[in-house]
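Right, one structure below, let's go through it.
Chain letters run A, B, ... following the sequence lines, proteins first and then strands; every chain starts at 1.
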2 protein chains.
Amino acid sequence: MGYQPNAIAQGLVKKETKTIGLIIPDITNPFFPEVARGIEDAAVEAGYTVFLCNTNWNAEREERYLNVLMQKQVDGLIIGPSSEEVSHLGKILDSGIKTVFISRAINHANSTCIIIDNVLGAQQAVEYLIQRGHRKIAFVGGREDISTNRERLQGYTQALSNNGLALDESLVKTGSFKRDSGYFIMNQLLKSEACNRPTAVFAANDLLALGVIQAVKENGLSIPSDMAVVGFDDIEFASLPEIQLTTVAQPKYDMGKLAFSTLMELMRGGGYSSGRKILLDPVLVIRETG
Amino acid sequence: MGYQPNAIAQGLVKKETKTIGLIIPDITNPFFPEVARGIEDAAVEAGYTVFLCNTNWNAEREERYLNVLMQKQVDGLIIGPSSEEVSHLGKILDSGIKTVFISRAINHANSTCIIIDNVLGAQQAVEYLIQRGHRKIAFVGGREDISTNRERLQGYTQALSNNGLALDESLVKTGSFKRDSGYFIMNQLLKSEACNRPTAVFAANDLLALGVIQAVKENGLSIPSDMAVVGFDDIEFASLPEIQLTTVAQPKYDMGKLAFSTLMELMRGGGYSSGRKILLDPVLVIRETG
DNA sequence: TTGTAAGCGTTATCAG
DNA sequence: CTGATAACGCTTACAA
């Protein structure tokens, strides 16, 4: 007869809200909506509502969302951390609220996280480039303080040294994980004498790669003959016929599903899964830009 | 001293949760993240937390989210409806919860909504195509039962009749608002005899246009000489140098900000803004596909 | 089986 | 001005 139970009062007594919070750094990067969809599909199926919060790579905003969600007694949290500044994140862990980290680990002993093997992925990408004959390969990265970036950089340097190539610091540039940053960095890289220029670029994500490609084309060079470009993530647009970006694919949607089921285990009290690090395998998708 | 007020108990007595719900049909379509960001930025500034829910164009899921959000006593709701089936939406309005509809109006007397003039936008796009000499222009639409689609179709037919062109039913096709749907429809359209083929396509959104373009290219035709394509929305990827999609732009981010400030007015009890329909102006962005 | 009372963590009100 | 207390709407446990 039109009666709606009041979930607030319910939550007060049951100490369970059938609600989880999802915090991501950039809803505008197609990578995150894809994992969010995986999480949401799994959550809906299990009777949960997910509250998606976007921090815009802003640590303050992240902390604020964290507090609000905790106050609101969400039963669990899935966080794609926007910084390595773990002081506020550590507080969460210690407060006992069930949390799963995605896409990047944080420095906390028993944090549960689901990440991709960034080192391996980057290494595969760069080794592929080397195989194709490239010797001067640039690294165009995102934010320096983000582990994702550090790990992909590590894979890059590892691939170089595995193949007896020296690391040229002038070919390593970082900015933010956005398209305009890739565009800006690549334009800088192209300013140097033609003989010192890289012949290939490994970009730390697809958005950066898209910016790199734009800069390359605007400078009258063609891809991949003058400049090979490889990205990371395999967002949907990477497969467009006009783009055909060679990139390291992450299982985005499945990562989301896995994140929720792992959180579910945690919430059900399966303490054994706490502190678990789940490492997923990347796969290099070869298309036409590199 | 580490004390966190319990927002649940607070909400119970204060009947205010400093929380709003945002329901959108497809987080995977870059159009929505962009408006969500506008909403979120405005909300955070005003001390609100926004709970983003993605219905996947699924009316059942929409209703479910609606109920949960109502139970949770969100102070307000911003909804991008995923269907015109307003029975459950009407219930919401009648329950008195402050609501702003975005991107499509619903059939309810005093609903407040922020929409773009779809008829005008489509008309501009198609008239541009006619101006460029096209006589056989196809309409590739999204879901038939969505007003957005109907209105854009209406603009299309209006542009034709304004210019003394007959409406050819065989050139009007609808599916869903996704890329694969555009791809599928265009392939069908290209099956007909070359002489009956359209020379231009107006797609009801950019995702569809991207699918159309893919089909056209795979059939060995070039754009825009063999087939001109115009989209709708102006998502970020439309401006990529490889894409350069001609499209009808919507002020996505500002639409989000406006949606929140309008909701704020409603929540503050400014009854005068209830039932208001805010109609935004589209602008045709001419690039290289048409 | 049906009904009543206690308590969840706040805030707001009303005596003192 | 301060400190005790009712009330918010529900669930659950226990008594009738």
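Between the P atom of D/dA7 and the CG atom of A/L12 lies a distance of 17 Å, rounded to the nearest Å. In this structure, B/K14 atom NZ and C/dT10 atom P are separated by 12 Å, rounded to whole Å. Atom CG in A/N6 sits roughly 9 Å away from atom P in D/dT11 (whole-Å rounding). Atom CD in A/Q73 sits roughly 12 Å away from atom C1' in C/dT10 (whole-Å rounding). At whole-Å resolution of the value, NZ in A/K72 and P in C/dT10 are 13 Å apart.
Between A/Q10 and D/dG9 there is no side-chain N or O to OP1 or OP2 distance below 4.0 Å. Considering only side-chain N and O atoms, B/K15 lies nowhere under 4.0 angstrom from the phosphate OP1 or OP2 of C/dT11.
Residue-environment remark: CZ (B/F184) stays at or below the threshold of 12 foreign heavy atoms within 6.0 Å. Atom CD of A/E144 is surrounded by 12 or fewer heavy atoms from other residues, nucleotides or ligands within 6.0 Å.
Applying the side chain to side chain donor-acceptor pair (under 3.5 Å) test to A/T148 and every residue at least two apart in sequence or in another chain returns A/R104.
Contact record, B/D26 with B/F32: O-CD1, 3.2 Å, taken as the closest heavy-atom pair.
Taking the six-membered ring where the residue is Trp, B/F260 and B/Y48 present perpendicular rings, their angle passing 60° and hence far from 30°.
Electrostatic pairing of B/R61 and A/D41 counts as a salt bridge here, judged by a charged N lying under 4.0 Å from a carboxylate O.
One axis for each end of the helix from C/dT1-D/dA16 to C/dG16-D/dC1, each built from five base pairs, and the angle between them comes to 60° at 10° resolution.
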